[in-house]
Structures are given as C-alpha cells and as structure tokens.
Amino acid sequence: MFIDTHAHINDDKLIDDIQNVIERAHNENVDIIINSGSSYSSSKSSIEIANKFKEVYACIGIHPENCEEYNDEVEKFIIDNANNKKVVAIGEIGLDYHYEGYNCDLQKKVFIKQLELAHRYNLPVVIHSRDATKDMIEILKEYKSLLTNGGLMHCFNGSVETLNEILKLGLKVSFGGIVTFKNARNSSSLITQIPIDSFTLETDCPYLCPEPFRGNLNEPKNIPLIAKKIADILGLNIKEIEEITTKNAKNLFKKLI
Ligand SMILES: [Zn+2]
C-alpha cells in the first residue's frame, strides 16, 4: 500500500469527482490519502471528507498565503478538532515569500502560533516553505522544543545543506512530481543523500503532476510514478520504496491505521 502524504482532493478541480479520485487511487494501490487544509474553509472540508471516506485523513491549518484569516475563531476550530481521530497533523503551515506583497511578520507569527498548537495537542506539523529558507530554518531552530511530535517538510526541493538542517531537527521531507521532471538534478542528488527512514511520497494534487503527464490535473493515483522514479535513482525496486515510505509515513502520522 502507498500513502499520499500531501494531497488536496477537496480542491475545486477534484471535489466533484472525489469518489472516482479515491477509486482510481485504490486501483493503483494508493490506499491512504492525507488531505491538507490550507485555509479555514479548506480545513473544514478536509475534516468533512476525512469523516466521510475511510481512506482519507486530514491536516488542518492556515497556509502562509492565507495568514490574514488567522483569528480566535480559526484557532478555536483547530483546537476543537485536534483530537478528531482522522486529524493527523497541523498543516499546511509555514512561510511563503514567493509573491510580492507578503506580510513576513504576520506569516511568522501565524506559523509559530500553529507550531505551538501542534505541540500542545500532540500532533506533527506539515510545513510549506517557499523562497523563505533562511527564516524557516531560523524559526525551526529557535522553536525546536515545539517539534517534539515531528513534522514533514512537504514538496521539498532545497539544497543538501538545508536538507541536513531539517533532518537534524528531527523532521522528514516528502517528494512529489518534481522528482520526475526533466532537469530534476537537484531532486536526484537529494534522494541519493537522504537516509532511507526520512522521506515520504506526496502528489500535492491537483498541482505538480508527475511525468509523463506533467501539466495535467494531478491525482493521488500518480504516486507510483513518483515511487518508480525514486526507486530508479536509488537502484531499488518500487515495492521497496512502497514499503519504506509507508512505514515512514506511519511513524510520523501516528493516527494512521
Ligand atoms: Zn499543498
């Protein structure tokens, strides 16, 4: 069984077809899908679909691009749902300095607040970091004591140095469709450097569809394409990658059955 550790099947592009999306994933042996919230509304719908489909689990949290919406009501919502048995992590949370006009201070504040919630309610975190490596590593080091439940740096494509910093903090990383892209030299070198117990697989669907379907709508069913590429890079077979990454995901997300 494969686990897609970071998906958005509640996205507008997939939600109307969700039953078939899950079915197609099953047919490819992808039997657990961790759906990530990124806003208040998508965190609510993440819980709704997790409650409805046994193979779907939820992360709840406010993505840095939506940091303005973080308020007492949202915080109460996270607290009220932290003990739901299908809520496996707080995420996706983090820093994103990609688009102009971002509010760096507010992003940091909202990120740290959610790290605190994860710590208080014994949940791991799923972290999004884009064009913000320096601040991200600084915050994670300063608040290392909040990372006792572990965490996943999702869609990781940084340097080997950054990878080592992340691993030192006890976090794992997940690899997605980018590893299959032509010119994915960086991903290949990361994969050859990373300890085998430190990574999981993700689609980040509906985005980042792996080759040979790059540019199309992505779905959890594409996880084996990513696994195959990683297997080829490491000289292992796909079954070994399946077993390793499923074990790693279950070690991190303790509520997965
Ligand atoms: Zn995502």
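Numbers here are sequence positions counted from 1. Note that ligands are numbered from 1 as they come in the structure, with each ligand's atoms numbered from 1 the same way.
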Do D96 and H128 come close enough that some side-chain heavy atom pair is under 4.5 Å?
yes

Check ion pair K229-E211 (N to O, under 4.0 angstrom):
no

N-O pairing of E138 and K134 below 4.0 Å:
yes

Run the side-chain hydrogen bond (donor to acceptor under 3.5 Å, both in side chains) test against N216 and tell me which residues pass, sequence neighbours left out.
none

Go through the side-chain N and O atoms of N66 and S39 and say whether any donor and acceptor fall under 3.5 Å apart.
no

For S42 and S45: C-alpha separation, side-chain torsions, deciding distance, then whether side-chain hydrogen bond (donor to acceptor under 3.5 Å, both in side chains) applies.
CA-CA 5 Å; S42 65; S45 80; 5.9 Å; no

Counting only protein atoms, how many N/O/S atoms are less than 2.8 Å away from the Zn ion (ligand 1)?
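Total protein N/O/S atoms under 2.8 Å from the Zn ion (ligand 1): 4.
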
